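Read the structure below first, then the notes.
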Amino acid sequence: MLNLKWGWAALGLELSAWSGAWLLAERSDAALLSYLLLHGAASLLLSLALLPLLPQRLIKPRWATLLLMAAFSYAVPVAGFAGVLLAFIILRVYRRGAEAEAFGSVQLPEFDQHQLRQSQFRHAGMGSFLGNTRIPVQARMRAMAGLQYVSGRTASPLLRSALSDPSEDLRLLAYGMLDNLEKRINRAIDHELNALQAGAAHSGQRLHSLQRLSDLYWELVYHDLVQGDLRQHAIEESLHYCEQVLQQQADNAALQLRRGRLLHELGRRQDAEQAYAQARALGLPATRVLPYQAQLAFERRDYAQARALMRELHQWGALPRLRPVIDYWNHS
Amino acid sequence: MTHPKAQSADIALLLEGTFPYVSGGVSSWINQIVRAYPEYRFAIVFLGSRRNDYGAFKYPLPDNVVHFEEHYLHEATQWHPQPAARRGEAQGQTLVLQLLEAFSHGPSSPEAMAAFEAVARQMMPDGSVQLGDFLYSKRAWDIICDIYREHCADPSFVDFFWTVRIMLQPLWLLARVAQQLLPVRAVHCASTGYAGFLGGLLAQTRGLPLILSEHGIYTKERKIDLFKSEWIRDNRNVFQRDPTELSYFRQMWIHFFEWLGRYCYAHADPILALYEANRQRQISDGARPERTGNIPNGIRLERFAPLRAQRPAEPPPVLCLIGRVVPIKDIKTFIRAMRRVVNQRPDAQGWIAGPAEEDPAYAEECRNLVRSLGLQQQVRFLGMQRVEDLMPQIGLVVLSSISEALPLVLLEGYAAGVPAVSTDVGSCRQLVEGLDEEDRALGASGAVVPIAKPQQLADAALRLLGDSAAWQAASRAAVARVERYYTDTLMFDRYRQVYESALARNPGAA
């Protein structure tokens, strides 16, 4: 109702604006000013009256539509006023026909976002794909079969998470694949243990077996095939054999690094620190040792040291070929 | 060793790789069933892989087994015809081509089943699809070549050729067995697979009622073997391979066993499972829902109830896995769990009670694992044991299997008042936590953990062993549960009805 009143008021004001100017037949500035003011007020009222009647989705932003209508009826006397009214009628009557209920509105269906979002995250995406029970089992089976060509380090956490999947086929496939990964390593361990027990003929062979055993137990840890106490056990075994080799080959830099990492895993940080330092002293490229040293520093909450080590690592990245040579000559 | 022979029998039991040569859950169930119905005369047809894979009988034959015969599917024996060049029967070729055409409509199409039935009938000794033709005829060779060209995704023709041969050959032996079997009034299969094919063929050709009781789901168990197997080759190179596909031959085997299952389901009525999830699986594998049903296992309580009194006051820290040492029992997870158990409780022991002969290579791997984990002092392989002797000495029955149906050992443990820690497979959750409201109200009779998670298995076991009150509560729940739901009398009553209605459908024969 308010609209109607505003509409009548607008019409009244407009009429009075014109009639005033006409009746008085005066050509003074004051008469023009009163006309302009009354006309302006009428334009604004007209816009205000029509605005709520326009389709809501067409009048965004509202103040701009309001100003446009007001400006139009203000700037073009009479025709503008009539034009705004006419435009309003056309918009109400004819446009409504076009948007009549030819199409029912539907809710956007809830698709599974996992299928879209993760495609670029590679393995992480794979994890959520495999773990998503709303995806058809066949698709997940195929995805899992694809893991047979992926490194065990990446594949085994994914497979392990599938062991509790509600689909039995998926569980069993995951189990079979994990079992095969683990069996390969354990078979090699058995082979070397047998060789050791049989009393390897000469010390070279024995040393080789010991190193292989350290490698293999480490492999179980690295590929994430063992957890909890078994992981602990594998680390201890790997360390045990690693140290046996180091007793005879104290200058084996790669094994010193391994020893450092194993000690690090066991939480013996002091010893790990020393082993890392020794590995570097024995000539291992700094790029291989620095990240672990930085990790140790970080764990000790020695952030300044961690930052310094990372910066050093960064410098190494600049001249990857030449750096080891410079380093070598600097050391010697 | 001479086996009983007869002119006729009431019920033919078709058994693949189980009773009486192999001990285990299914075998002792069969032993129970046969002995429970002295009024019926049973004929047992045992199907095995090769004679050498089996030793002597693990169970004496009950008196009401009037007939016993055994056949070995992968044994090159006299039933092979002499190699000789031959053209092969044209009619047989037509039937096989029709079957291949029908398969293109999908395995569940009625055309495929009808065409397969036609071929199966002709595989019997007087038919037109003969083993000699399959092995040596030009026509069979042409068909194999065509299939290879059209369908095979693996480049090796040689592997394809031999896979087809090895896979299909036993069917002719079974067709011969079906024709020569003594007259019986009903057939009872304990699995699908080759035994199921034989059952289906007997039902198809002689019109006999076929009862199917599946403990595990055969196709599922074959899948486990096939997923794990290392002997199936994949010759595709990096350009031919779709990394998301399993090797072609692996899939071929899986489809083959799925199809044998479908054929058996098409002829069996009733199709019995041990619990609901397996029944659903049978339906999804092609069984008609109105023919399916569940009959859970049951045990004789009187055998175990006296053992409860022999138990020490405190639960002994002994975890016992009772079962065959085979991959499906996942003994390795139990051994790995023992590493943690022993770390936490150095006085704990892990016993593995069950025969190790069935898969010597796996048993060796298990022993090696014990060594590499340094558990030689704590984990013992006891071999086959009398369950009654074990029960009073152990604190927990452990089941680490990756697939089970309704394991009898849990029930036996329950009857003796021993709680269980089991993996969440088959109906184990139902056995431990209860099925419906009423059952659950009895309380948990142990703990359930996911498969292949040794850490969780160990923790669950440690919790029960470490808390005497919790252990006692679980023990009480175990006894109550088995007494209420899993006695053999319940099971025998249900099977009596099954047998009576099957025999009533075919009263005339024998």
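Below, read A as the first sequence line, B as the second, and so on, with proteins coming before strands; counting in each chain starts at 1. Below, each value reflects all heavy atoms present in this structure, side chains not excepted, and no hydrogens, waters or symmetry copies. Model, not experiment: these values are computed from the prediction.
- A side-chain donor-acceptor contact under 3.5 Å links Asp330(B) and Tyr175(A).
- Contacts of Ile189(A) with chain B are made by side-chain atoms alone, with heavy-atom separations under 4.5 Å and no backbone atom involved.
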Derivation of the side chain to side chain donor-acceptor pair (under 3.5 Å) call for Asn343(B) and Arg339(B): CA-CA 6 Å; Asn343(B) 283 357; Arg339(B) 183 65 258 173; 2.7 Å; yes
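- Ion pairing between Glu182(A) and Arg336(B) holds under the 4.0 Å rule for side-chain N and carboxylate O.
- Heavy atoms closer than 4.5 Å to chain A are found in the side chain of Gln344(B), but not in its backbone.
- Taking Arg171(A), Glu168(A), Met144(A) one by one and counting their heavy-atom pairs under 4.5 Å with chain B, the maximum is reached by Glu168(A).
- Ion pairing of Asp169(A) with Arg140(A) is absent here, as no side-chain N (NZ or NE/NH1/NH2) approaches a carboxylate O to less than 4.0 Å.
- Annotation: side-chain hydrogen bond (donor to acceptor under 3.5 Å, both in side chains) contacts of Gln278(A) (sequence neighbours excluded): none.
- For Gln295(A), the side-chain hydrogen bond (donor to acceptor under 3.5 Å, both in side chains) test picks out Glu299(A), with sequence neighbours left out.
- Contact count against chain A (heavy-atom pairs under 4.5 Å) is highest for Ala452(B) among Pro454(B), Ala458(B), Gly374(B), Ala452(B).
- Contact of Asp424(B) with chain A is made through the backbone alone, with heavy-atom distances under 4.5 Å.
- With a threshold of 4.5 angstrom between heavy atoms, Gln232(A) does not approach chain B through any atom at all.
- In summary, the side chains of Asn294(B) and Glu276(B) do present a donor paired with an acceptor at a separation below 3.5 Å, with no hydrogens or angles considered.
- Between His233(A) and Arg340(B), the closest side-chain pair of non-hydrogen atoms is not below 4.5 Å.
- The parts of Asp190(A) that come within reach of chain B are both its backbone and its side chain, each placing non-hydrogen atoms under 4.5 angstrom from that chain.
- Glu243(A) is linked by a salt bridge (Lys or Arg N to Asp or Glu O under 4.0 Å) to Arg259(A), counting only residues two or more places apart in sequence or in another chain.
- Using non-hydrogen atoms only and a strict 4.5 Å limit, the part of residues 220-229 of chain A facing chain B consists of Gln227(A), Gly228(A), Asp229(A).
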